[in-house]
Novice: 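Sharing a structure, written as structure tokens. Questions coming.
Residue numbering restarts at 1 for every chain, and letters A, B, ... go by the order of the sequence lines.
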2 protein chains.
Amino acid sequence: MEEATKLLKEKGINPSIQRIKIFKSLLGNCDHPTAKDIYKRISKEIPTLSKTTVYNTVKLFSDRGILQTIRGKEGEARYDTKAALHPHFRCKKCGNLYDLDKKLIVKDKEKIDGHLIEEKYVCYSGICKNCR
Amino acid sequence: MEEATKLLKEKGINPSIQRIKIFKSLLGNCDHPTAKDIYKRISKEIPTLSKTTVYNTVKLFSDRGILQTIRGKEGEARYDTKAALHPHFRCKKCGNLYDLDKKLIVKDKEKIDGHLIEEKYVCYSGICKNCR
DNA sequence: TTCTCTGCAAACGCTTTGCACGGAT
DNA sequence: ATCCGTGCAAAGCGTTTGCAGAGAA
């Protein structure tokens, strides 16, 4: 059995062809696709694919802890199989989102991977004191 | 002249009543309001206020470097007069966004300000190597 | 006059919802 | 028969755009 298929089954997800392809699309690409990106890629192979299925599937994956949703510059959802583990770098010009090494320690105004860093934004999440 | 009015003028912004109130609303509240939040607050005082004006104004403020746009969990725009300077803490339960002290160094799973931190997300931005 | 500001209405883009069809069990 | 996965169509929601009226310079 294929690796992707096996992983889905392990998570209790019925491995339909759509789900396998969407999962592979997330695994195989180091970018952070939007629903539209995923739809465009896979509808070449499955012409009847609908965006609803893409949204259904990423929602399912998210519920099962397979992927994380991160927000792009314009607020569109982007999906990443390992978003919580590493920092990102977003280009203010082209809007691309790059992965950075988790262990990297970055100082202000420093260049890293050839990118010129101008700002750093940190957001922690968890349960606040009022909700505990 | 009022402080808020003076600050707007310094930035070359004509201090209309709407702009002053929106600016004050951002300064005076330590939360990070959405356009809707701002609209709801100020339309109590200015019943004819339109959401368009709120959007126009935050866009203007953003262009002049007065505020930063940060993205909420659901992707809605939230506005902060000093977002780039400090990290945030977002509660996974209630969705509230809290300011954290910039100088704080936070380790994983640590409690801070009484909040229980579960995840840390870092995003750098600037100009990528392909755009330079 | 011209320029700026405002705000209604409509459009737009991303995402969700309702529902019905088809296939598997 | 039920349950599940899919996908069309429509709705929902935040945001932007087009445009016109009012007011300031």
Novice: Please list, by residue number, the residues of residues 10-17 of chain B whose heavy atoms come closer than 4.0 Å to an atom of DNA chain C; answer none if no residue qualifies.
Specialist: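 Hits under 4.0 Å, by residue number: B:N14, B:S16.
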Novice: Take atom CD1 of B:I38 and atom C1' of C:dG7, then tell me their distance rounded to the nearest Å.
Specialist: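 The distance from CD1 of B:I38 to C1' of C:dG7 comes to 17 Å, rounded to the nearest Å.
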Novice: If you measure from the Lys or Arg side-chain nitrogens to the Asp or Glu carboxylate oxygens, is any gap between A:D63 and A:K59 under 4.0 Å?
Specialist: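 Here A:D63 pairs with A:K59 in a salt bridge, since their nearest N and O are under 4.0 Å apart.
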Novice: Could I get the full list of ring-ring contact (aromatic ring centres under 6.0 Å, His included) partners for A:Y39, not counting sequence neighbours?
Specialist: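 Once residues adjacent in sequence are excluded, A:Y39 has no partner under the ring-ring contact (aromatic ring centres under 6.0 Å, His included) criterion.
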Novice: For D:dG7, does either OP1 or OP2 sit under 4.0 Å from a side-chain N or O belonging to A:T53?
Specialist: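 Yes, because at least one side-chain N or O of A:T53 sits under 4.0 Å from OP1 or OP2 of D:dG7.
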Novice: Please report the interatomic distance CD1(B:I38) to NZ(B:K21), rounded to the nearest 0.5 Å.
Specialist: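 Reported to 0.5 Å precision, the distance equals 14.0 Å.
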Novice: A:Y79 and side-chain contact (heavy atoms from CB on, under 4.5 Å): which single residue from A:T69, A:T57, A:I22 fits?
Specialist: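 The option that passes is A:T69.
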Novice: The criterion is ring-ring contact (aromatic ring centres under 6.0 Å, His included); which residues satisfy it with A:Y55, sequence neighbours excluded?
Specialist: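 Listed in chain order: nothing, the list is empty.
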Novice: Can you see which heavy atom on B:V54 is nearest to which on B:A35, and at what distance?
Specialist: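 The pair with the smallest heavy-atom distance is CG1-O, 3.8 Å.
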Novice: How many angstroms lie between atom CD of B:E45 and atom NZ of B:K24, to the nearest 0.5 angstrom?
Specialist: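 So the gap between those two atoms works out to 8.5 Å.
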Novice: Polar-atom pairs under 3.5 Å, protein N or O versus N or O of nucleotides 22-25 of chain D: list them with distances, or write none.
Specialist:
none

Novice: Between B:Y39 and B:R19, name the one whose nearest nucleotide on DNA chain C is closer to the 5' end.
Specialist: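 Of the two residues, B:R19 wins.
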Novice: Report the distance from atom CD1 of A:I46 to atom P of D:dC8, rounded to the nearest whole Å.
Specialist: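 Rounded to the whole Å, the gap is 12 Å.
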Novice: Classify A:Q18 by what it touches in the nucleic acid, base, sugar-phosphate, or nothing, heavy-atom distance under 4.0 Å.
Specialist: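 It contacts sugar-phosphate atoms only.
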Novice: Roughly how far apart are B:I42 CD1 and B:L49 CG, rounded to 0.5 Å?
Specialist: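 With rounding to 0.5 Å, CD1 (B:I42) is 6.5 Å from CG (B:L49).
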Novice: With sequence neighbours excluded, tell me which residues meet side-chain contact (heavy atoms from CB on, under 4.5 Å) with B:K11.
Specialist: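 Here the qualifying residues are B:I13, B:I66.
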Novice: Could you give the CD-to-C1' distance, from B:E74 to D:dT15, as a whole number of Å?
Specialist: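 After rounding, the gap between these two atoms is 16 Å.
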Novice: What nitrogen or oxygen pairs link the protein and nucleotides 11-21 of chain C at under 3.5 Å?
Specialist:
residue : atom : partner : partner atom : Å
C:dT15  : OP1  : A:A77   : N            : 2.7
C:dT15  : OP2  : A:Y55   : OH           : 2.5
C:dT15  : O5'  : A:Y55   : OH           : 3.2

Novice: Can A:E76 and A:R71 be counted as an ion pair, charged N to O under 4.0 angstrom?
Specialist: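 Result for this pair is no, no salt bridge flagged.
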Novice: Given the rule in the side chain to side chain donor-acceptor pair (under 3.5 Å) test, do A:D37 and A:T34 qualify, once you have shown the distances and angles that lead to the verdict?
Specialist: CA-CA 5 Å; A:D37 294 334; A:T34 61; 3.1 Å; yes
